[in-house]
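Single-structure report; data block below.
Per chain, numbering begins at 1; letters A, B, ... match sequence-line order.
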Number of protein chains: 2
Amino acid sequence: MKNSSAEIEQASTWPPAQNKRQAILNAAADIFAEQGYAGASIDAIAARAGVSRQTIYNQLGDKDNLFKVVVAEITDRSSAGFFRVLDTFPAAPEDLEKELTEFSTRLLRKAICDPNGRWLRKLVETEGARFPELFETWREYGPGKKYPAIAARLAQLAHAGYLELDDPALAARQFMALLATDLRIEQQLGRRTPDAEIDQMAANATRTFLRAFASRP
Amino acid sequence: MKNSSAEIEQASTWPPAQNKRQAILNAAADIFAEQGYAGASIDAIAARAGVSRQTIYNQLGDKDNLFKVVVAEITDRSSAGFFRVLDTFPAAPEDLEKELTEFSTRLLRKAICDPNGRWLRKLVETEGARFPELFETWREYGPGKKYPAIAARLAQLAHAGYLELDDPALAARQFMALLATDLRIEQQLGRRTPDAEIDQMAANATRTFLRAFASRP
DNA sequence: ATAATTTTGGACACAATTGTCCAATTCGTC
DNA sequence: GACGAATTGGACAATTGTGTCCAAAATTAT
């Protein structure tokens with residue numbers, strides 16, 4: 001019973017009840033992502049959370065509601081992580097390629113590799129068709145907020161003369177696509193990608209992106 | 001009971017038994033992709049195939065085996081479709097951007113949008129962790145064969161002086177990433193993307209790819 | 001037409017799961 | 001240490017799904 005969510009949990013600085021609630025949410029996120037909605041049994045979640053089944057029903061109601069709460073929770077965390085990284089976007093870089101590559105590395109490491117984002121993507125892919133509202137929620141947070149945020153930063157770089165963009169929104173999607181492509185393949189294995197490879201991916205993506213969009217003197 | 005697999009079925013030029021078998025396989029592909037392995041019930045598959053449950057057990061054994069056969073079948077079809085399109089890759093184009101864009105359009109339309117590929121990606125994403133051999137099979141056919149094939153064509157273009165590549169394999173992955181990025185978002189909705197949008201995606205991807213890799217005079 | 005093969009549909013046993021109830025126990029607080 | 005609240009674990013009914021069996025019906029080949 002290796003607990004792959006340990007990284008996310010916060011120590012017991014919360015009211016005791018909230019602590020168990022977090023344990024349940026983390027366990028549920030694991031199991032839902034691994035097994036899908038139908039395949040995830042409440043017993044399995046209870047077992048992984050180290051909690052009795054009844055406690056889950058007490059705190060979170062039925063399976064449907066548990067699922068919704070889990071997704072909402074993870075969406076928040078994932079979004080927060082992303083925007084924390086986005087704040088480090090280089091606004092007036094001296095060495096554009098170097099600083100953008102470093103930003104890409106951070107983005108890959110903290111926002112795309114992190115369990116929250118992975119769970120979310122998988123859950124949306126798996127259960128999106130069956131939970132249309134959830135799909136909408138995710139859409140609002142994911143493509144709806146992240147891409148425009150990236151696009152704004154890129155547009156700013158373009159305005160400052162670093163890039164030549166005619167469609168910042170498109171450039172943002174392409175930037176993210178280049179960044180995530182290799183990871184997508186690796187990730188489905190569940191394999192934890194070594195840092196060196198992540199650096200390489202960030203460098204590859206950034207290099208190609210700049211070959212396409214960097215201003216030429 | 002709209003049959004979204006009609007496009008794939010072949011008329012009754014087959015031995016009768018094979019015909020029902022195909023119906024089962026198509027229905028199973030639908031249901032597995034929609035509901036995941038755990039959520040897919042044999043009864044639902046039988047109902048959609050217009051066949052009795054017993055017939056499924058007669059022809060294909062238990063659920064596990066049914067799933068494996070479905071994936072193998074779809075993998076074959078998907079792979080065949082891809083390589084059929086790949087044969088139209090422009091080897092000595094007069095207008096590189098134009099011809100590569102047209103190729104991209106074909107690839108998007110016939111190989112990435114098509115139901116086979118979509119089912120496969122979703123099933124692998126959903127159930128890959130629980131069926132390691134299937135994951136390996138897919139990997140062999142997908143990244144294992146398709147990417148090198150694309151890379152070879154790109155390398156050929158580079159050798160002929162059209163492109164400047166130092167890593168054809170990487171360029172192939174990036175080319176595919178640029179192509180698929182917008183589609184991935186649209187597709188999860190199950191929405192059928194209009195042809196005009198597909199053309200646009202192909203043009204956007206190709207344009208950026210060539211901005212990065214086309215030889216400059 | 002007749003024989004062989006498949007298909008059908010319904011019944012069945014078995015297992016897993018959901019969600020509820022409740023008495024005993026543990027935990028945090030005062 | 002004693003009180004109140006939360007947690008536990010086990011039992012429970014109801015539902016759903018798997019996989020098997022079998023006799024009747026339909027389909028296909030001879």
Set out, in order, the CA-CA distance, both residues' side-chain angles and the distance that settles side chain to side chain contact (heavy atoms under 4.5 Å, CB included) for B:Arg109 and B:Val85, then state yes or no.
CA-CA 10 Å; B:Arg109 251 204 268 274; B:Val85 174; over 6 Å; no
Nucleic acid footprint by protein, nucleotides 15-21 of chain D - heavy-atom cut-off 4.0 Å, B for base, S for sugar-phosphate alone
---BBBB
Any Lys/Arg nitrogen of B:Glu34 or B:Arg48 sitting under 4.0 Å from an Asp/Glu carboxylate oxygen of the other?
yes
Centroid-to-centroid, B:Phe135 to B:Trp138, below 6.0 Å?
yes
Whole angstrom value for the distance that separates C1' of D:dT7 from CD1 of A:Ile56
12 Å
Nearest heavy-atom pair of A:Leu154 and A:Ala171: which atoms, and what distance?
CD1-C, 4.0 Å
Within a reach of under 6.0 Å around NZ of B:Lys146, are more than 12 heavy atoms found that belong to other residues, nucleotides or ligands?
yes
Send over the distance from A:Arg21 CZ to D:dT7 P, rounded to a whole Å.
11 Å
Please round to 10 degrees the angle between the axis of the first five pairs and the axis of the last five pairs in the helix from C:dA1-D:dT30 to C:dC30-D:dG1.
40°
Round to a whole Å and report the spacing from CG of A:Leu60 to C1' of D:dT7.
14 Å
Hey, can you tell me if B:Phe67 and B:Phe131 have their rings parallel, tilted or perpendicular (30° and 60° cut-offs)?
tilted
Atom-pair distance (CG on A:Asn58; P on D:dG9), nearest Å:
13 Å
